[in-house]
Visitor: 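What follows is a structure written as structure tokens; I'll ask about it next.
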Amino acid sequence: MAKWLVKSEPSECGIDDFVAAPGGVIPWDGVRNYQARNFLARMEEGDEVFLYHSSCKHIGIAGIVKIVRSHYPDPTQFDPQSPYFDSRSSAEKPRWQAVDMKYVCTLPRLIPLDELKSIPGLSDLPLVKKGSRLSVMPVGEEQWQIILHQVQPA
DNA sequence: GCCAACGTTGGC
DNA sequence: GCCAACGTTGGC
């Protein structure tokens with residue numbers, strides 16, 4: 001089962017929004033980057049995902065969610081009222097995908113970006129690379145375990 | 001609020 | 001197909 005990481009501004013959708021959502025489920029839509037979309041499309045039901053808080057006071061990994069519905073056409077691309085509307089998309093040829101994610105847990109402590117950057121085993125993670133804007137990325141099993149261990153320092 | 005880094009667009 | 005211009009991301 002694959003592991004992932006997604007970025008989000010907590011003012012838009014943070015781990016607390018998952019806690020408050022009906023059934024803990026939130027559709028992950030509005031992704032408008034091809035590389036990120038391609039990763040979204042590879043997510044499968046049951047895959048676990050780190051939720052990263054960006055552009056806020058406490059930047060870092062805040063919790064874990066999981067995929068409860070794999071990719072389907074992102075409805076916001078068809079909605080002229082939506083900021084994510086894309087006139088180049090059609091029902092026959094949808095350009096963008098969404099998945100549904102469900103709350104799993106809030107980490108006992110948020111793991112800050114600078115801490116993640118300091119761990120040698122994570123140097124390949126796009127998240128810690130300078131200037132990386134990728135908002136959906138795969139996390140290797142080994143990387144996943146390293147991050148989990150980091151929650152409770154020995 | 002600033003600005004470096006990035007992805008996308010569009011003219012050629 | 002190249003690349004300059006532009007808009008956006010996201011840490012600081």
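Nothing here was measured: the structure is a model prediction, and the numbers come from that model. Letters go in sequence order (proteins before strands), and every chain restarts at 1.
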Visitor: Where is the tightest heavy-atom contact between A:H71 and A:Q97, given as atom of each residue plus distance?
Guide: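 Heavy-atom minimum between the residues: ND1-OE1, 3.0 Å.
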Visitor: Classify the nucleic acid contact of A:R88 as base, sugar-phosphate or nothing, counting any heavy atom under 4.0 Å across all strands shown.
Guide: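 A:R88: backbone/sugar contact only, no base atoms under 4.0 Å.
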Visitor: Using a 4.0 Å heavy-atom cut-off to protein, can you give one letter per nucleotide of nucleotides 7-12 of chain C, 5' to 3': B if the base is in contact, S if only the sugar-phosphate is, - if neither?
Guide: BBSBSS
Visitor: Examine B:dA4: is either OP1 or OP2 under 4.0 Å from a nitrogen or oxygen in the side chain of A:K130? Give yes or no.
Guide: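 It does not, given that no N or O in the side chain of A:K130 lies less than 4.0 Å from OP1 or OP2 of B:dA4.
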Visitor: Would you confirm whether the ring centroid of A:Y34 sits within less than 6.0 angstrom of the ring centroid of A:W96?
Guide: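 When the ring centroids of A:W96 and A:Y34 are compared, they turn out to be within the sub-6.0 Å range.
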Visitor: Going only through I, L, V, M, F, W and Y residues with side-chain contacts under 4.5 Å, is there a path from A:L134 to A:I61?
Guide: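 Yes, it is one cluster - the side chains of A:L134 and A:I61 are joined through contacts under 4.5 Å.
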Visitor: Look at A:R32 together with A:D74 and state whether they make a salt bridge at an N to O cut-off of under 4.0 Å.
Guide: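 Looking at A:R32 and A:D74, the cut-off is met.
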Visitor: With sequence neighbours left out, what residues match A:K3 under salt bridge (charged side-chain N to carboxylate O under 4.0 Å, His left out)?
Guide: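 A:K3 satisfies salt bridge (charged side-chain N to carboxylate O under 4.0 Å, His left out) with A:E141 only.
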